[in-house]
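By convention in this document, chain letters (A, B, ...) are assigned in the order of the sequence lines, proteins followed by strands, and residues within each chain are numbered from 1. The basis for the numbers below is simple: all heavy atoms, side chains too, and nothing from hydrogens, waters or symmetry mates. None of the values given here were measured: they were computed from a predicted structure.
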Amino acid sequence: MLDIRQFRENPDHIRERLATRGEEFAAKVDDVVRLDSERREANTAVEELKAKRNAASKEIGALMGQKKLDEAEAKKAEVRDIGDQISELDAKAGQVDTKLRDILLRLPNLPHADVPVGATEEDNTEISQWGEKPAFDFEPKPHTEICESLGLVDFARGAKLSGSGFLLYSGWGARLERALIQYLLDMHVHEHGYTEVSPPFMVGYDCMIGVGQFPKFEDQAYMVQEGLDEESRGKLYLIPTAEAPVANIHREEILKNEELPKYYCAYSPCFRAEAGAAGVGTRGMIRVHQFDKVELIKVVEPEGSYDELQKMLGNAEKILQSLNLHYRILQLCTADMSFGSATTYDIEVWAPGQGDYLEVSSCSNCEDYQSRRMNLRYKDADGKNRHPHILNGSGTALARLFVALIETYQQPDGSIAIPEPLQSYLRTDRIPASE
RNA sequence: GGAGAGAUGGCUGAGUGGUCGAAAGCGCUCCCCUGCUAAGGGAGUAUAGGUUAACGCCUAUCGAGGGUUCGAAUCCCUCUCUCUCCGCCA
């Protein structure tokens, strides 16, 4: 959520920055400014009336104490009238407030000044590349073929169980997935200093609001119902990312500044309805309704949050480097960034069988956008309450990492070589060509 | 799922309709006093919003939301969470 004070002090700046993400957002600025002043006006009026009522009520109390009952009764009649005015004005103020809040919750974060302005993903800029595309002396197969021939993923039965977009990992495939999860967590915990957490895989509405998923993207979430109780529907949602629970860990808290920074990492499955998204219906592991991911979350003081973002990006890169997978880093343009982000870097890993780069990580600094939505604060060195910056990054998404790994390390004989760091996790240096 | 108890400021804990935003204690901060040792005295110590040049003033908040009332921490309703016991269960 954007700071309402900024709208009062510098609406032009907000309008200009929002316009880089879409004119429809910039168009809301005037509404916000107008509603804010309406709200304050109504509020002031209500508060004045309340002050009057409180004072009069105290007088009544005093009169009652002195047994001056007639005077007290007269006063009561007078105050009752004030009460009616208050409820009327209060209701009006409440309506304005709801309207204002609704608009604010649907406005995205302001992009950082350094973010390239763009209209589509075509306008993202490549920052760097690491490694090289591996050379093959045979035609590299796509992961779907490899998975089928080695029995790593049973696409047909996954679909039989839950529909398209659901995967049944099996045998070496299931073991590789588990090995990767373990490997990623261990690296972030032991080498990068993150605290591992294992969060609930369902969260309440407020958590989804807090990270900016809701209200705008409610159509993309899986809503849960308890048994046949329709009343319970909407109390919980399957998490689209571990960011939803983990970034909310300290929601509505006031942290001490010495408690910062907080570094969390978490494994979780991620559930995405992907309503209307391209590629959901197609076979394979690139876009699915459920995938595993190891997520990194940081809660830090605003000063230095961009250094923390670079470090986080480096932590995610380290995974790919250690597995010797070629990748590139993109900085997303204003239009392609997620809702709450002020700056986002995507890491795309090379998948030879696809002949394409796959997004496996997205590292964002949301600045105080989320902490404001979730009312998370910390006391700074001067004892003032401030909103910390919240960063999130995938470290990394699993299904696509799985794809890149098996497509990169496929051998002419159909087996898959296992990179050295994973060998102890998988207890082999090679997934054999056939069982 | 059933029965019961509870939720008050950083913590402990009073407070059942009228200067209660809230006693007391602990903790913490500052000041004073004292130089023989975890001593004593005093002051301060929630959050948000509005208003003011500022001191300040006003409003809201005693788990959350609603209601009764001139007035609610206190009465009523709904919800959430915690604890105890029983049942069921991975």
Could you measure between the two C1' atoms, the one in B:U84 and the one in B:U45, and give it in whole Å? 36 Å
Measuring only the C1' atom in each nucleotide, how far is B:C28 from B:C20? A whole number of Å is fine. 24 Å
How many angstroms lie between atom NZ of A:Lys52 and atom CD1 of A:Ile82, to the nearest 0.5 angstrom? 5.5 Å
If the sugar-phosphate is the primed atoms plus P, OP1 and OP2 and the base is the rest, what is the B/S/- string for nucleotides 46-70 of chain B, using protein heavy atoms under 4.0 Å? -SSBSS------BBS---------B
To the nearest 0.5 Å, what is the distance between CZ (A:Phe25) and CG (A:Leu107)? 7.5 Å
Rounded to the nearest 0.5 Å, what's the gap from CZ on A:Arg101 to CZ on A:Arg39? Could you check? 11.5 Å
Expressed as a whole number of Å, how far does the C1' atom of B:G10 sit from that of B:U78? 31 Å
Check step by step if side chain to side chain donor-acceptor pair (under 3.5 Å) holds for A:Asn392 and A:Glu243. CA-CA 7 Å; A:Asn392 68 77; A:Glu243 177 195 352; 3.2 Å; yes
For nucleotides B:C30 and B:U12, find the distance between their C1' atoms and express it as a whole number of Å. 24 Å
Mind checking the CG-SG spacing from A:Asn315 to A:Cys265? Nearest 0.5 Å is all I need. 10.0 Å
Just verifying a value: how many Å separate A:Leu105 CG and A:Phe339 CZ, rounded to the nearest 0.5 Å? 8.5 Å
note: A:Arg251, atom CZ; B:C81, atom C1'; distance rounded to Å ~ 13 Å
Can you tell me, in whole Å, how much space there is between the P of B:A24 and that of B:U74? 22 Å
Looking only at atom P, what distance separates B:A43 and B:A48, rounded to whole Å? 27 Å
Could you walk me through whether A:Asp31 and A:Lys99 satisfy the salt bridge (charged side-chain N to carboxylate O under 4.0 Å, His left out) test, starting with their C-alpha distance in whole Å, then the side-chain angles of each, then the deciding distance to 0.1 Å, before giving a yes or no? CA-CA 10 Å; A:Asp31 289 342; A:Lys99 226 188 279 177; over 6 Å; no
To the nearest Å, how far apart are A:Glu252 CD and B:U80 P? 17 Å
Paired runs of 3 or more consecutive Watson-Crick or G-U pairs involving RNA chain B, with both pairing distances under 3.5 Å, are B:1-7 with B:80-86, B:10-12 with B:24-26, B:27-32 with B:40-45, B:46-51 with B:56-61, B:63-67 with B:75-79
Distance-only polar pair, side chains of A:His250 and A:Tyr264, donor-acceptor under 3.5 Å: yes
